[in-house]
There are 2 protein chains.
Amino acid sequence: MKLTSKGRYAVMALVDLARFDSINPVSLRDISLRQNISLDYLEQIFSKLKKNNIVKSIRGTQGGYILNKNPNDIKLTNIFYAVDEKVKTVQCKKESKKGCNGKATKCITHDLWDELENHINSFFKNKSLEDLIKNKKETRI
Amino acid sequence: MKLTSKGRYAVMALVDLARFDSINPVSLRDISLRQNISLDYLEQIFSKLKKNNIVKSIRGTQGGYILNKNPNDIKLTNIFYAVDEKVKTVQCKKESKKGCNGKATKCITHDLWDELENHINSFFKNKSLEDLIKNKKETRI
DNA sequence: CCATACCTGACTAAATTGGTCAAGTATAGA
DNA sequence: TCTATACTTGACCAATTTAGTCAGGTATGG
Ligand code: FES
Ligand code: FES
């Protein structure tokens with residue numbers, strides 16, 4: 001099981017954004033250069049972050065993005081949800097009554113994977129952007 | 001991030017094997033039918049489990065596989081390692097001094113992903129096959 | 001009016017996944 | 001000895017996902 005770049009980049013970019021400025025907008029170009037992430041790809045990611053009210057945008061020269069919430073209220077869960085980085089351990093569909101084996105009952109390891117999923121999600125729920133930037137704020141270069 | 005079928009099937013099959021019989025060999029055909037996993041695919045998986053001394057094989061009629069260790073000594077970690085189901089959260093290569101951004105220092109989220117990786121691995125290290133079959137042993141049909 | 005920077009959608013190469021297929025070899029039981 | 005069972009090995013492949021690129025837009029401050 002692995003983390004995809006989309007989720008990794010989203011968190012990276014938001015940490016960068018939060019560290020560098022909390023009032024003035026930060027352009028994706030700057031983030032792209034500092035973190036070495038493709039600008040085009042960042043645009044796709046920020047489009048989703050914006051739809052989920054995690055950031056807001058300011059167009060035009062000197063524009064960019066700003067956090068739309070207090071860093072303490074932005075959990076990794078929220079970020080991952082926004083960019084569709086899902087934690088999926090069970091094979092079966094959650095809504096379905098059927099197990100992944102096509103039978104009426106859940107498979108013999110279903111509960112295990114469910115437990116694992118909760119274990120992982122608890123990590124994401126407890127970690128906020130604020131936790132990640134503590135003592136690491138920087139001033140604009 | 002998601003669990004792949006290879007890891008899921010490996011655990012499923014071993015739980016099945018351990019539950020159904022601890023002395024007589026269990027054939028992959030039986031496991032395949034009970035758990036609804038492709039037989040050909042199971043063969044690939046068990047070839048790896050055997051190489052890692054988790055199971056041993058008995059050829060011929062009435063043959064099959066048996067656990068090669070006490071279920072208590074088989075942790076999920078061992079199973080996943082055997083079938084190459086890796087937990088990979090960081091992007092950078094662990095040996096390399098370079099960060100994922102190509103720079104000399106680790107990226108700003110490296111430590112976070114490393115912490116996540118440890119969090120997940122601790123789950124796998126602590127869970128044994130024995131934990132999964134407690135009170136669930138069945139007799140051969 | 002123009003440079004900056006957000007915005008949107010289409011497209012794609014490469015890797016991974018989740019298998020299938022084919023051709024064996026070893027062994028127990030009839 | 002013959003045969004059915006079941007392990008063994010390696011090649012192959014279709015579908016999906018990933019991690020982007022590309023080509024256009026649109027809004028705005030100076
Ligand atoms: S994972 Fe849910 S039934 Fe198998
Ligand atoms: S994940 Fe290790 S340097 Fe970025």
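Below, chains carry the letters A, B, ... as their sequence lines are ordered, and counting in each starts from 1.
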Base-contact (B) and sugar-phosphate-only (S) positions in nucleotides 15-23 of chain D, heavy-atom cut-off under 4.0 Å, - elsewhere:
---SBBBB-
Residues, nucleotides or ligands: over 12 heavy atoms within 6.0 Å of A:Tyr81 OH:
no
Just wondering, more than 12 heavy atoms not from A:Lys103 lying within 6.0 Å of its NZ?
yes
Just grab all the salt bridge (Lys or Arg N to Asp or Glu O under 4.0 Å) pairs involving residues 56-74 of chain A, residues at least two apart or on different chains.
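Listed by first then second residue: nothing to list.
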Got a sec, which pairs hit ring-ring contact (aromatic ring centres under 6.0 Å, His included) with one end in residues 43-72 of chain A, sequence neighbours left out?
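Residue pairs with at least one partner in residues 43-72 of chain A: A:Phe46-A:Tyr65.
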Rounded distance (Å) that lies between atom [atom2] of [N] and atom [atom1] of [X]:
X: B:Arg29; N: D:dA4; atom1: CZ; atom2: C1'; value: 11 Å
X: B:Asn24; N: C:dA28; atom1: CG; atom2: C1'; value: 14 Å
X: B:Ile45; N: D:dC7; atom1: CD1; atom2: C1'; value: 15 Å
X: A:Leu42; N: C:dC7; atom1: CG; atom2: P; value: 13 Å
X: B:Lys50; N: D:dT8; atom1: NZ; atom2: C1'; value: 8 Å
X: A:Lys48; N: C:dG9; atom1: NZ; atom2: C1'; value: 13 Å

What does the inter-axis angle of the helix from C:dC1-D:dG30 to C:dA30-D:dT1 come out as, five pairs per end, nearest 10 degrees?
10°
Any donor-acceptor pair under 3.5 Å from A:Glu85 side chain to A:Gly7 backbone:
yes
Answer yes or no: is there a side-chain heavy-atom contact under 4.5 Å between A:His110 and A:Cys100?
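No, side chains not in contact.
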Salt bridge (charged side-chain N to carboxylate O under 4.0 Å, His left out) partners of [X], counting only residues at least two apart:
X: A:Asp40; answer: none
X: B:Asp114; answer: B:Lys94
X: B:Lys106; answer: none
X: A:Lys75; answer: none

Would you jot down, in residue-number order, the residues of residues 79-89 of chain A having a non-hydrogen atom under 4.0 Å from DNA chain C?
none
Ordered by number, residues from residues 53-67 of chain A within less than 4.0 Å of DNA chain D (heavy atoms) are A:Arg59, A:Gly60, A:Thr61
With sequence neighbours excluded, tell me which residues meet side-chain contact (heavy atoms from CB on, under 4.5 Å) with B:Glu115.
A:Phe123, A:Lys127
Got a sec, which residues hit side-chain contact (heavy atoms from CB on, under 4.5 Å) with B:Ile58, two or more places apart in sequence or on another chain?
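Counting only residues at least two positions away or on another chain, B:Ile58 forms a side-chain contact (heavy atoms from CB on, under 4.5 Å) with B:Pro25, B:Ile66.
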Steps toward salt bridge (charged side-chain N to carboxylate O under 4.0 Å, His left out) verdict (B:Asp84, B:Lys48)
CA-CA 9 Å; B:Asp84 299 311; B:Lys48 296 183 184 207; 3.2 Å; yes
